[in-house]
Amino acid sequence: MTAPSAWSPLRRATYRALWLAQFASNIGTWAQTVGAQWFMGDLGGSELQVALVQAATTLPVFLLVVPSGAIGDILDRRRVLIAGQGLMLVGAAALVVLAGSGAATPVTLLAMIALMGVGQALTMPSFQAVQPELVPREEIPQAALLNGVNMNVGRAIGPALGGVLIAAVGPEATFAFNAVSFLGVLLVLWRWRRPSDHRPLGAEHVTTAVRTGARYVRSSPLFARVLARCVLFVVFGSGLWALLPALARGPLGLDAGGYGVLLGCVGLGAIGGAFAVPRLLRRIGKNPLVTLATCAYAAATALAGLTGVVAVAVPAMFVVGAAWIAVLSTLNATAQVLLPAWTRARALAYYQLMLMGGQAFGAVVWGALASALDVRAALLAPAVAMVLVALVAARRLPLTDRGLDTSPASLWDAPPEVADADADAGPVLVTVRWRVAGERAAEFAEAMRKVERSRRRTGATLWGLFRDSEDPGLFLETFTVATWQEHLRQHLERGTGVDVEVERAARALADGEPVVRHLLWARPPRP
């Protein structure tokens, strides 16, 4: 079969419409960021209040992205996306009214931007989670690439457009453009006929869903590798994004227009990367590609910082854009393929949390280093560290998703019916008695390590494997689940092909079928 091209996902009507609408929205968001910062100055805001414009955008996302991911898994993701886009539309429209009427103040400006940040937090995990619903599995890497191109080109065009609108009309024009841009996304989402989710037991509670998502992330080593590689890349890579304005003003001696050219080169590099990455993925694979792109990013960062020559910095920014999208799109696509549908949004929320948190942390560290030394040193230090960390991570944290079946599958037969147990009864103790021949005992115990992770991913809180001292061929597996309802979800909603394969491997080493017992917590009667 012919491998999908970089633009294959755009043949899918819903994905194409959403991608185009999101592109306009990204441009509007970046244009409004410039407009809001400029407008804060017009309102007489202090330097701190100008800086708080960016904080008001990112802080709600950082605080709310994890519960928003849980909401995206327990409610219809299409409706969650509509709600998030609606909040951002309300915030942008309110800024138009406030700015046009002269009623805006620094406080109301920050409040509306924070409201839009809440909408963005609600949108981000669900938007990532619906990608596998819009394109086939084999096109997910290409879809992740195109989403990265969307964001990077929007980042390049948006500030320039914002500057033009401010000069021609005023900051309120950027708010109006941003408000209109949300209408396109809302129209596409409204027309999308997304199949309803299959939830035999109904929706989970938000707090339970958050805990379940955290447990899944802790019990999924392959997904944990993706999170680790993401943090290691963005912490060191964020130095360039944080210091690029200082590099442009200082060593490169550029004005605002020159800085815009650098951003435009990053966007063009991202487009070029979208063409190159699919070919490289086919030839060398994910792990080498991420390592190679990380080293290229580090080299371009160091080169731009050390030379201080515009003729060198411009092509270096092309490399930066291509390498940035190569790393993050590959990590994002790997995360989407690794995650089952029932927990995709809440797990991807942790990916977004690591991405944003790593960038914020890195910006502070390298910004402080630039203040203590100079911009060039603050760019060279993370570049060198990035190469060393990438080489170690390639060996210790390799990326893979081959052969993983995350489609829904039944772990066990239907659970027994307990007449006097309500949904909140618990905790539940499940015991599984295995009979294993002595010569296979060590191999069985090793296979059960994967079974443990499977149990924990789907809801188990405590797990243990015990061997009978008087009968060495008898093993007793035990695990607890918080409530009877949670255990029912293990049976009916959370199993995947991977979990079935893991248990099947353990059963192949056992003699006969295991014997399963379900025990409910025996609460003492109240006096």
Side-chain angles (χ1 to χ4, degrees), residues 17-45 49-50 52-65 68 71-72 75 77-127 150-151 154-155 157-192:
L18 189 58
W19 190 89
L20 292 172
Q22 193 66 29
F23 181 60
S25 181
N26 282 333
I27 295 175
T29 297
W30 285 104
Q32 180 186 270
T33 299
V34 174
Q37 291 172 330
W38 193 272
F39 189 51
M40 180 64 81
D42 290 345
L43 294 174
Q49 288 174 318
V50 173
L52 285 177
V53 170
Q54 188 64 33
T57 302
T58 57
L59 186 60
V61 178
F62 189 79
L63 295 177
L64 299 176
V65 70
S68 294
I71 291 172
L75 300 179
R77 288 171 186 155
R78 171 179 164 273
R79 295 184 179 182
V80 172
L81 288 171
I82 290 174
Q85 294 290 321
L87 280 178
M88 289 189 280
L89 172 60
V90 169
L95 285 177
V96 175
V97 174
L98 290 171
S101 64
T105 66
V107 173
T108 58
L109 175 61
L110 292 175
M112 291 303 100
I113 292 174
L115 177 65
M116 298 175 69
V118 173
Q120 186 179 8
L122 198 60
T123 299
M124 289 175 66
S126 291
F127 180 78
N150 198 320
M151 175 61 72
R155 176 185 290 183
I157 296 175
L161 178 61
V164 171
L165 291 174
I166 292 171
V169 181
E172 60 271 18
T174 64
F175 307 148
F177 178 80
N178 195 33
V180 172
S181 73
F182 293 126
L183 293 175
V185 181
L186 283 168
L187 178 61
V188 174
L189 292 172
W190 185 263
R191 296 179 62 183
W192 179 27

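Note that CD1 of Ile27 and CG of Asn150 are 8.0 Å apart. Values are rounded to the nearest 0.5 Å. Rounding to the nearest 0.5 Å gives a distance of 12.5 Å between CG of Leu89 and CD1 of Ile82. Separation of atoms CG (Leu187) and CG (Leu18) is listed at 11.0 Å; rounding is to 0.5 Å. For the atom pair Leu122 CG and Leu64 CG, the distance stands at 9.0 Å (nearest 0.5 Å). Rounded to the nearest 0.5 Å, atoms CH2 (Trp19) and CG (Asn26) are 9.5 Å apart. Note that the CH2 atom of Trp30 and the OG atom of Ser25 stand 12.5 Å from one another [nearest 0.5 Å].
Side-chain contact between Thr105 and Leu43: absent, with no pair of heavy atoms (C-beta onward) separated by less than 4.5 Å. The shortest side-chain heavy-atom distance between Leu161 and Phe177 falls under the 4.5 Å cut-off. Between Leu87 and Leu115 the shortest side-chain heavy-atom distance falls below 4.5 Å. Under the 4.5 Å side-chain criterion, counting only non-hydrogen atoms from C-beta, Leu109 is not in contact with Leu98. The side-chain heavy atoms of Gln22 and Val188, taken from C-beta on, include no pair separated by under 4.5 Å. Looking at Phe23 and Ile157, their side chains come closer than 4.5 Å, going by heavy atoms from C-beta outward.
Side-chain atoms of Arg78 come within 3.5 Å of backbone atoms of Trp190 as a donor-acceptor pair (strictly under, hydrogens ignored).
Considering every non-hydrogen atom in both Gln32 and Ala92, the closest pair reads OE1-CB, 3.9 Å.
Counting only residues at least two apart or in different chains, side chain to side chain donor-acceptor pair (under 3.5 Å) contacts with residues 110-127 are absent.
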